[in-house]
Amino acid sequence: MCEDTHGIGRRALFVTGAAAALTLGSVSFAAADGQGQGTPGTPGTPGTPGTQETKTVRGTLPPGCPDFVYVPVEVPAGVLEIKVAYTYDRPSVPAGTTGNALDIGLFDQHGTELGGKGFRGWSGGARTEFFVRADDATPGYLPGPVHAGTWYVALGPYTVAPQGLTYELTITLTYGEPGTPVRPVYPPSRAKGRGRDWYRGDCHLHSWYSDGRRTPAEIAALARAAGLDFINSSDHNTHSSHAHWADQAGDDLLIMLGEEITTRNGHVVALGTDPGTFVDWRYRARDNRFGRFARQIHKAGGLVVPAHPHATCVGCAWKFGFGEADAVEVWNGPYTPDDEVALSAWDATLVASVRDNKQWLPAMGNSDAHRDPDPVGVPQTVVLADDLSREAIQEGLRAGRSYIAESKNVQVSFTATGGRGEQAGIGDRLEVAADTPVTVRLEASGVPRCTVRFITDEGVLLTSDPLPVTGSGVVEWQTTPQYAAYVRAELRHETAAGPVPGALAALTNPIFLGR
């Protein structure tokens, strides 16, 4: 069982409505329970302006503890600021056994019900302390008044060692008049653009508002240096950064807002949601709740993009299925073996969509950059859009009119042409009879010594000789729709380059052939 000492003896434990959450006994402060003293050295009676009160909470979580443990805090009236600091033990564990990792966040008097009405912030394991007050908050948390009522420190035992996880919370209330609440300002949903054109973007990025180490200004500067036209904020389990991007946007850079919803059964990027949209993450695939939050993302104008679906970190592999997805991230950061698995699995979905005559799932690539030396824009998704606006970029991504490139230097043109001059590009369908001769043509630059591969529903049907050291070249191939239901292209480095033999330099979404 979970032990909750609160520094004054064991308290009762209460299980919430969800089996994967546990609520401990309440922590009360003097102004609420009529007991206790102010912090030593702080003048005044508890509850009077300028006074601070501190309580310490200790407990132990065993292996198999619920995913989320809530510590209720009875907050009296007149509180200016709530501050929480925490520590936990990290004992040695046998090789191959997970050790202790404890995430933390905060919910206010509106409660902890799924959906996040009471959500005030989440830092995961990135910080050891945080504060919230009306006019300011620690990155990852939402500023706003500290109203009286039951607040909740949320603990997320990500992994627990065989010995258990012993934690200590220090909760400090500061009394006084609240500051002036901050009115959020958000970036515009449109940049100047170039009309219908190919735009480059990176839609999976982390700032210091979650577990990244870069400010929005630093990320925006790196995005511009990488030749990007648009980015999407995607901090883990919080939308607190949304109000901090406005002054980084410009005619040359569209900044969309979102979140990386980080569940225990995989991560998903909410891409381009309405400003201020929070999407909850406190569920597993077996809870059958993801559909509700996928619909919330769509209702807020965003795209649902499962991230790094075959990543090997704990809780990172995607297990919710792809029924609600608008695209899937098959290339995440520098190309690695799990990306190769994701690419192969994605290709299988293309075959299924052709077989069942269903909507196909486009591929995306993003950097997932957190800190130096993680490069922003490696890789990047290049999308054909009518304008540099949130809606136009999303439309292009949803339609699969896009390819993935390892850098701004890579440019790709990929077309299929029928016998009478009919032509289709990336993400489109060439509607010709089954026996019509089709010419598939790829032009590329910025890919020195790379080979070109054409892949169909049957597999790899053409591998070119390496392109010249100039990095530019043209490759053509002849086929028919009855032989190839779709064709997509890969440009791969020579086998000696990168952590994966033949690592990708570029990848296109498919062109479908036939009526």
Side-chain angles (χ1 to χ4, degrees), residues 196-198 327 330-331 340 343-344 346-355 357 359-365 379 381-384 396-397 399-406 410-468 470-494 502-515:
R196 186 172 177 82
D197 203 352
W198 292 92
V330 303
W331 184 354
E340 190 75 17
L343 176 56
S344 177
W346 168 69
D347 186 80
T349 70
L350 299 178
V351 174
S353 68
V354 170
R355 178 195 65 209
N357 196 28
Q359 179 65 37
W360 63 283
L361 189 65
M364 284 192 68
T381 298
V382 189
V383 57
L384 179 62
L397 292 172
R401 296 193 299 266
S402 60
Y403 65 90
I404 309 169
E406 66 177 353
V410 177
Q411 297 189 46
V412 174
S413 172
F414 186 49
T415 59
T417 305
R420 296 182 178 180
E422 311 95 327
Q423 190 171 90
I426 299 171
D428 294 330
R429 176 175 291 276
L430 182 65
E431 296 191 2
V432 294
D435 59 352
T436 301
V438 173
T439 299
V440 178
R441 177 184 173 89
L442 181 136
E443 299 181 44
S445 61
V447 285
R449 300 295 299 169
C450 287
T451 58
V452 175
R453 304 205 304 181
F454 290 155
I455 300 96
T456 75
D457 51 313
E458 189 178 3
V460 180
L461 293 185
L462 174 74
T463 300
S464 74
D465 292 331
L467 297 176
T470 60
S472 298
V474 176
V475 177
E476 291 189 346
W477 179 62
Q478 306 291 324
T479 189
T480 63
Q482 63 189 359
Y483 187 61
Y486 64 84
V487 185
R488 61 180 183 84
E490 296 175 359
L491 290 91
R492 290 182 176 260
H493 290 286
E494 295 179 282
L504 284 176
L507 163 72
T508 75
N509 274 305
I511 301 172
F512 292 89
L513 307 179
R515 297 191 175 101

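Along the sequence shown, residues carry numbers from 1. Values below: all heavy atoms of this structure, side chains included; hydrogens, waters and symmetry mates excluded.
- Checked for salt-bridge contact, Glu476 and Arg441 meet the test: a charged N lies under 4.0 Å from a carboxylate O.
- Looking only at atom types and distance, the side chain of Asn509 has no donor-acceptor partner in the side chain of Tyr486 under 3.5 Å away.
- A heavy-atom distance below 4.5 Å is not found between the side chains of Arg492 and Cys450.
- The shortest non-hydrogen separation linking Ser445 to Ser472 is CB-OG, 3.4 Å.
- A donor-acceptor pair under 3.5 Å is absent between the side-chain atoms of Thr508 and the main chain of Arg488, judged by distance alone.
- Minimum heavy-atom separation, Ala484 to Trp477: CB-CH2, 4.5 Å.
- Residues Thr436 and Gly419 come closest through the heavy atom pair CG2-N, 3.8 Å.
- Among the candidates Val410, Thr451, Val475, Leu442, the single residue satisfying the side chain to side chain contact (heavy atoms under 4.5 Å, CB included) test with Leu491 is Leu442.
- No side-chain heavy atom of Thr479 sits less than 4.5 Å from a side-chain heavy atom of Thr456.
- The two residues Val383 and Ser402 make their nearest non-hydrogen contact at CA-CB, 3.9 Å.
- Scanning all heavy atoms of the two residues, the minimum distance from Leu361 to Trp346 falls at O-NE1, 2.6 Å.
- The heavy-atom pair separating Leu507 from Glu490 by the smallest distance is CD1-CG, 3.8 Å.
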